[in-house]
Amino acid sequence: MPEPLSLSLELSRTECVRGESVFFRMKLKNTGSHAFEGLRTFEPENEATFLVALPPGAKKPADEDELSLEPPEGQITGCALSPRHRDGIHRHGPEEVERRTLLPGEEMETSGDVLQWLGELEPGDWDITARHQGVGEMAESKPVRLRVRPAKPVTLGTSVPGLRGSACPNSGAFVHAGEADRLVFLQLQSAYLPKNPMRGLRVGKAKQRGQVVASTFPDEETTTLHVVWDYGGQFALGTVDTTGRAPPAVVPVKIPEGGVILESPLSLRDRSVFIPVLEGKGTGLTVLHVTPAGASKSYRVDLGPARPVAACSVAWEYATRMHFAWVGKDRRRVMVARLFLDDPESGVFTESAWLADAPVLWLHMFLDTAARPGGAPAFEHLTKPEDRDRIDPEPPQPAVWGVCRSGNEWQCVRADLGTVRRRVGARFDVKDLEEPRVTASALDASGELCLLVADAKGGLHYASTVRGSLEPLEKVAGRRISPNQQPGLMAAGRGGTLEWVYLRYIDGEAGRIAYALVEPEGEADPEYSSGH
């Protein structure tokens with residue numbers, strides 16, 4: 001006799017690449033003749049609904065013991081709250097769970113992403129089962145087979161976020177060399193713990209291993225991101241719905257000849273994107289504003305005599321302004337240009353912002369949101385709210401970290417642009433490194449600078465203003481990583497529980513994009529158990 005409660009599971013695909021999203025739909029139906037009362041709903045806080053992944057043929061440790069509570073070997077269990085749990089955020093459900101009555105023939109439905117619920121599954125075959133503790137015994141679906149293939153990344157892009165909402169995910173992209181095609185993927189990683197996957201979405205096809213760049217979010221309400229990649233002598237633009245509800249749209253986009261796309265473009269709520277492009281030989285900056293249909297306008301930043309560009313950085317102020325900092329051939333005078341995104345036709349405003357004491361090798365621009373003196377309003381006792389003199393908070397202040405070289409020493413200098421405030425965050429001795437150069441930078445949640453440094457011998461090193469030291473990357477990350485693995489830095493947002501900074505790189509042997517913790521010093525990766 002069939003069970004009166006029937007649970008079914010459908011997957012959007014039966015085969016995926018490691019780290020790719022697989023969307024699912026789960027239905028619970030009353031197939032009996034009587035109503036079910038007090039049935040727990042699919043509300044995430046109820047923690048009554050799970051996905052279970054098992055390698056085919058998995059057996060319990062003591063198969064003959066029917067009372068064994070041990071899960072089968074290799075079992076992975078997850079729920080809608082698992083992404084929070086992996087972030088180290090544990091919430092308990094309400095004392096009174098949400099319940100409903102399910103009449104005969106009625107059903108309730110939920111959906112989600114296998115990647116979010118279960119995390120990144122290793123390559124191989126998996127039997128995916130849905131379970132729901134509605135009332136009484138657990139309802140269980142028939143297993144659905146999912147085959148996970150290794151990722152074969154050949155090109156990696158790690159975004160550099162601007163000023164955004166504290167919970168906006170980090171983004172990245174990669175080109176996967178599949179058996180039949182090269183595929184472009186967009187990845188979303190947790191804003192709280194960057195190694196935690198949130199989405200992995202197919203965008204389009206690639207022809208070669210050229211540049212691939214992911215855009216970044218301006219706020220938490222934006223659900224569109226973009227990927228730009230080299231498509232055999234021209235560029236393609238993919239517009240991606242990060243909820244997974246709509247397929248990506250791919251159109252050609254024209255980049256100035258010889259230009260290099262700067263990290264990172266900015267996506268807007270209207271699904272358009274601003275793409276900053278450093279022109280060939282660093283002679284200028286062109287900002288493209290492109291719609292999903294491929295229509296574009298370009299806005300050129302006149303660099304004046306401060307060219308060619310020797311070092312530069314882009315910082316987005318939410319969806320309102322683009323700030324571009326650069327230093328020209330003299331490597332001393334740092335210039336800043338601003339473009340108003342809501343009215344780009346109004347022109348670009350350029351000014352001299354900082355004269356460095358030593359040649360500037362690298363710039364990382366950002367917007368400082370720290371509270372400033374005198375910004376708090378004073379209210380008279382018992383004054384009505386509508387009669388109070390309100391003081392609007394000061395806007396974010398542009399600032400820049402500059403890496404300057406003086407002899408055998410690197411100085412990391414923070415300059416608050418528009419003021420005279422400067423401070424040396426750290427000094428690094430580089431006399432033992434042959435032709436050292438910065439290849440990537442990131443800011444932790446406190447605004448401190450983190451650097452990835454390469455030398456002429458192929459060695460990689462890590463430095464930060466928090467550590468105050470320049471060390472071999474292998475010592476910091478706990479593993480050997482080469483430049484061929486295209487490492488980048490990805491940091492937690494302002495809402496993170498710690499100042500997490502991870503190295504993001506290609507792990508071809510494991511068939512994945514991997515992450516290695518580099519900050520905070522002395523911390524270990526947060527532990528997470530898939531058992532529920």
Side-chain angles (χ1 to χ4, degrees), residues 16-21 115 119-124 148-160 169-190 193-215 225 227-231 238 260-261 263-264 437-442 450-455 457-462 472-491 500-518 525:
C16 69
V17 172
R18 181 172 185 170
E20 180 178 7
S21 290
L115 178 67
E120 189 179 276
L121 296 175
E122 293 185 359
V148 180
R149 295 193 177 276
K152 297 180 179 178
V154 292
T155 306
L156 188 63
T158 302
S159 68
V160 179
N170 290 294
S171 59
F174 70 95
V175 176
H176 161 78
E179 296 178 359
D181 297 297
R182 293 179 184 265
L183 302 175
V184 177
F185 282 88
L186 170 69
Q187 287 184 304
L188 298 187
Q189 302 296 127
S190 168
L193 194 69
K195 73 167 188 174
N196 181 10
M198 304 299 291
R199 281 281 191 268
L201 302 169
R202 296 190 186 200
V203 182
K205 295 181 180 181
K207 287 186 176 181
Q208 58 186 40
R209 299 178 56 167
Q211 186 181 23
V212 58
V213 178
S215 69
L225 280 185
V227 181
V228 190
W229 68 96
D230 190 334
Y231 192 72
V260 176
I261 301 170
E263 299 282 5
S264 288
R437 67 188 189 283
V438 180
T439 60
S441 61
C450 307
L451 298 172
L452 188 62
V453 180
D455 61 40
K457 295 181 179 179
L460 290 175
H461 313 268
Y462 176 76
L473 182 61
E474 184 174 1
K475 177 183 176 182
V476 177
R479 66 201 74 171
R480 183 170 179 77
I481 298 167
S482 74
N484 291 336
Q485 293 172 273
Q486 302 177 37
L489 293 172
M490 187 173 279
W500 303 114
V501 181
Y502 281 82
L503 190 78
R504 178 173 181 263
Y505 65 98
I506 294 172
D507 186 346
E509 188 173 327
R512 63 179 299 193
I513 305 297
Y515 297 82
L517 179 65
V518 293
D525 275 322

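The two residues Pro487 and Ser482 have their closest heavy-atom pair at CD-O, 3.7 Å. The two residues Cys16 and Arg202 come nearest to each other via the heavy atoms CA-NH2, 4.4 Å. Among all heavy-atom pairs drawn from Leu489 and Cys450, the shortest one is CD1-O, 3.7 Å. The nearest pair of heavy atoms linking Lys205 to Asp181 is NZ-OD2, 3.5 Å. Across all their heavy atoms, Val212 and Glu263 have their closest contact at O-OE2, 4.4 Å.
Atom NZ in Lys195 sits 15.5 Å away from atom CZ in Arg504 (nearest 0.5 Å). Atom CG of Leu186 is separated from atom OG of Ser159 by 9.0 Å, given to the nearest 0.5 angstrom. The CD atom of Glu120 sits 4.5 Å away from the CZ atom of Arg18 when rounded to the nearest 0.5 Å. Rounding to the nearest 0.5 angstrom, the gap separating the CE atom in Met198 from the OG atom in Ser171 is 13.0 Å. The CZ atom of Arg182 lies 7.5 Å from the OG1 atom of Thr155; values are rounded to the nearest 0.5 Å. To the nearest 0.5 Å, the span separating CZ on Arg480 from CG on Leu460 amounts to 8.5 Å.
For Phe174, the ring-ring contact (aromatic ring centres under 6.0 Å, His included) test picks out Phe185, with sequence neighbours left out. With sequence neighbours excluded, the residues that form a side-chain contact (heavy atoms from CB on, under 4.5 Å) with Arg437 are Thr439, Ala454. A search for side-chain contact (heavy atoms from CB on, under 4.5 Å) contacts involving Asp507 returns Tyr505, Glu509, Ala510, Arg512, Ala514, not counting sequence neighbours. The side-chain contact (heavy atoms from CB on, under 4.5 Å) test applied to Ser441 returns Trp362, His364, Leu449, Leu451, not counting sequence neighbours. Residues passing the side-chain hydrogen bond (donor to acceptor under 3.5 Å, both in side chains) test with Tyr231: none are found, sequence neighbours excluded.
Here the side chain of Glu20 pairs no donor or acceptor atom with the backbone of Ala151 at under 3.5 angstrom.
Among residue pairs with one or both ends in residues 151-160, none qualify as salt bridge (charged side-chain N to carboxylate O under 4.0 Å, His left out); sequence neighbours excluded.
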Query - Test side-chain hydrogen bond (donor to acceptor under 3.5 Å, both in side chains) applied to Tyr502 and Asn196, step by step - result: CA-CA 11 Å; Tyr502 281 82; Asn196 181 10; over 6 Å; no

